[in-house]
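In what follows, chains are A, B, ... by sequence order, proteins preceding strands, each numbered from 1.
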Amino acid sequence: MVKQEASLYFSRELLAWYRRGNRDLPWRRNKDPYRIWVSEIMLQQTRVETVIPYYERFMAQFPTVQALADAPEEEVLKCWEGLGYYSRARNLQAGARMVVQLYGGIIPDDKEAVAGLKGVGPYTAGAIMSIAFNRPEPAVDGNVMRVLSRFFCLEDDIAKPKTRVGIEKLAASLIPEGAAGDFNQALMELGALVCTPKSPSCLPCPVMEHCEARLQGRELELPVKTKAKPPRPEYRLAAIVRGSGANEGKILVRQRPESGLLAQMWELPHVLAGDAAGDWYREDAPKERAELAEAITRALEDEAGLLIRPTGWLADEEHVFSHIHWHMRVYEADLGEGRADAQNIMAAEAGAGYETDAARSAYRWIGREDMDKLPFPNLFLRILGQYWKR
DNA sequence: AAAGCGGGGCT
DNA sequence: AGCCCAGCTTT
């Protein structure tokens with residue numbers, strides 16, 4: 001079978017398979033471009049089952065482009081809390097504000113305009129254009145690269161940007177007349193349900209008969225992909241600082257800088273203690289434990305003008321990002337005496353921000369109920385949940 | 001081209 | 001303990 005014949009077979013059978021039955025997903029209820037847009041942003045690097053509850057909540061709270069554009073950023077981040085890659089949420093809102101300003105709140109049926117929105121790259125632009133407007137644009141994600149690498153036995157490394165560009169051309173050539181939306185979704189649906197990364201279910205696959213990788217018995221070797229570097233370790237010390245007097249029952253939290261890791265999210269104050277296990281201490285070494293308590297006390301005073309008195313160990317928590325592995329040791333602490341010039345404490349009591357030498361840091365005293373308003377990364381949700389549950 | 005950027009689920 | 005997931009942005 002020559003390649004063009006295989007292509008026609010592939011497109012016809014895959015589309016028919018998808019139309020025989022597909023998953024009933026919340027964003028497939030209609031073709032509202034805003035609903036498609038939100039779903040595609042949430043689905044970046046995130047599984048369908050994880051996204052569904054977030055999607056339902058998000059659409060209920062921000063049902064229109066206008067509603068999202070008008071919302072305070074903190075509310076949007078709170079709605080995204082726990083989903084990860086928080087710049088997606090901030091870029092999505094920036095995109096919504098662009099749509100309001102530039103296009104009167106209507107997402108335009110125009111590839112360049114859509115591709116120009118914040119947070120919308122080649123994949124998402126193609127997905128919106130094809131699914132919402134049925135335009136014949138490719139939408140190449142990890143699923144599509146895997147499926148096409150196998151069916152056509154392509155050996156290019158899918159981790160390389162150049163490979164995606166090539167597969168986009170191929171994917172575009174496969175789109176059946178007038179069926180771009182269904183076909184692109186069919187490709188991804190096959191990758192998610194049948195042509196899976198680890199153990200693909202070839203027998204029920206609608207295009208198995210002419211799958212080149214399968215015919216050669218190489219479906220487990222493809223696609224070729226260079227593996228990512230493991231996350232580097234970071235050993236960190238955090239403090240739950242208990243308030244007194246007017247702040248009785250509250251603890252001290254701070255907001256992260258507006259760019260970089262976990263941008264604009266809230267957290268417990270913490271400091272980097274080292275990058276090797278040798279910087280850590282052993283549970284059975286009281287002397288080293290005291291030195292660690294001393295270390296975080298010094299560091300927080302230097303970095304934030306906070307004088308604390310650690311009173312005991314609370315928890316050890318691991319948290320793995322794509323590129324960093326945090327080992328976090330959490331102490332409980334009281335505020336120390338004799339630092340009336342601790343500007344951060346006064347700023348926190350006034351509910352205002354404070355500029356440190358290192359970075360802008362806004363400190364705030366919060367009670368348990370205030371957690372429902374501020375967005376925290378999962379690591380700190382776990383720690384705070386444990387603290388307030390005891 | 002490479003690195004930064006979350007979190008969870010599966011093998 | 002890796003590997004992957006309906007990727008985009010910055011350097």
Open item on the list: Which is more 5' along DNA chain C, the nucleotide nearest A:N143 or the one nearest A:N91? Just name the residue.
Closed with: A:N143
- [ ] Examine C:dG7: is either OP1 or OP2 under 4.0 Å from a nitrogen or oxygen in the side chain of A:Q44? Give yes or no.
- [x] no
Open item on the list: Just to verify, which of A:E49, A:R57, A:E56 counts as forming a side chain to side chain contact (heavy atoms under 4.5 Å, CB included) with A:P53?
Closed with: A:R57
Task: A:E212/A:R214 salt bridge by N-O under 4.0 Å criterion - done: no
Task: Whole angstrom value for the distance that separates P of C:dG7 from CD of A:Q45 - done: 5 Å
Open item on the list: Under 4.0 Å from OP1 or OP2 of B:dG6: is there any side-chain N or O of A:H319 that close?
Closed with: no
Open item on the list: Check this for me: does the side-chain of A:T50 come within 3.5 Å of the base of B:dG8 through a donor and an acceptor?
Closed with: no
- [ ] Starting at atom CG of A:L117, determine the distance to atom C1' of C:dG7, rounded to an integer number of angstrom.
- [x] 16 Å
TODO: Choose from C:dG2, B:dG6, C:dG7 the nucleotide whose nearest atom is closest to any side-chain atom of A:K198.
DONE: C:dG2
TODO: Indicate, yes or no, whether a donor-acceptor pair under 3.5 Å links the base of C:dA6 to the side chain of A:R23.
DONE: yes
Task: Residue whose closest nucleotide on DNA chain B lies nearer the 5' end, A:G260 versus A:S199 - done: A:G260
Open item on the list: Would you say CG of A:D24 has more than 12 non-hydrogen atoms from neighbouring residues, nucleotides or ligands within 6.0 angstrom?
Closed with: no
Open item on the list: The side chain of A:Y123 is closest to which nucleotide in this list: C:dT10, B:dG7, C:dC8?
Closed with: C:dC8
Open item on the list: Let me spell it out: for each of A:V320 and A:K162, pick the nucleotide of DNA chain B with the closest heavy atom. Which residue's pick is nearer the 5' end?
Closed with: A:K162
Task: Integer-rounded Å distance: C:dG7 C1' and A:E40 CD - done: 11 Å
- [ ] Take atom CG of A:L262 and atom C1' of B:dC5, then tell me their distance rounded to the nearest Å.
- [x] 9 Å
Open item on the list: Between the base of B:dG7 and the side chain of A:T46, is one N or O donor paired with an acceptor at under 3.5 angstrom?
Closed with: no
- [ ] Grab the CD-C1' distance between A:Q185 and C:dA6 for me, whole Å please.
- [x] 10 Å
TODO: Report the distance from atom CG of A:L222 to atom P of C:dC3, rounded to the nearest whole Å.
DONE: 17 Å
Open item on the list: Using a 3.5 Å distance criterion without hydrogens, assess whether the side chain of A:S11 forms a donor-acceptor pair with backbone atoms of A:L8.
Closed with: no
Task: Nearest-angstrom distance from the residue atom OH of A:Y55 to P of C:dA6 - done: 17 Å
Open item on the list: For the aromatic rings, using the six-membered ring if either is Trp, is the centroid distance between A:Y55 and A:W27 under 6.0 Å?
Closed with: yes
Task: Side-chain N,O (A:S87) to OP1/OP2 (C:dC8) below 4.0 Å - done: no
Task: OP1 or OP2 of B:dG4 under 4.0 Å from side-chain N/O of A:H323 - done: no
Open item on the list: Should the side chain of A:R47 and the base of C:dC4 be counted as holding a donor-acceptor pair, with the cut-off at 3.5 Å?
Closed with: yes
Open item on the list: Does B:dG7 have its OP1 or OP2 closer than 4.0 Å to a side-chain nitrogen or oxygen of A:Y86?
Closed with: yes
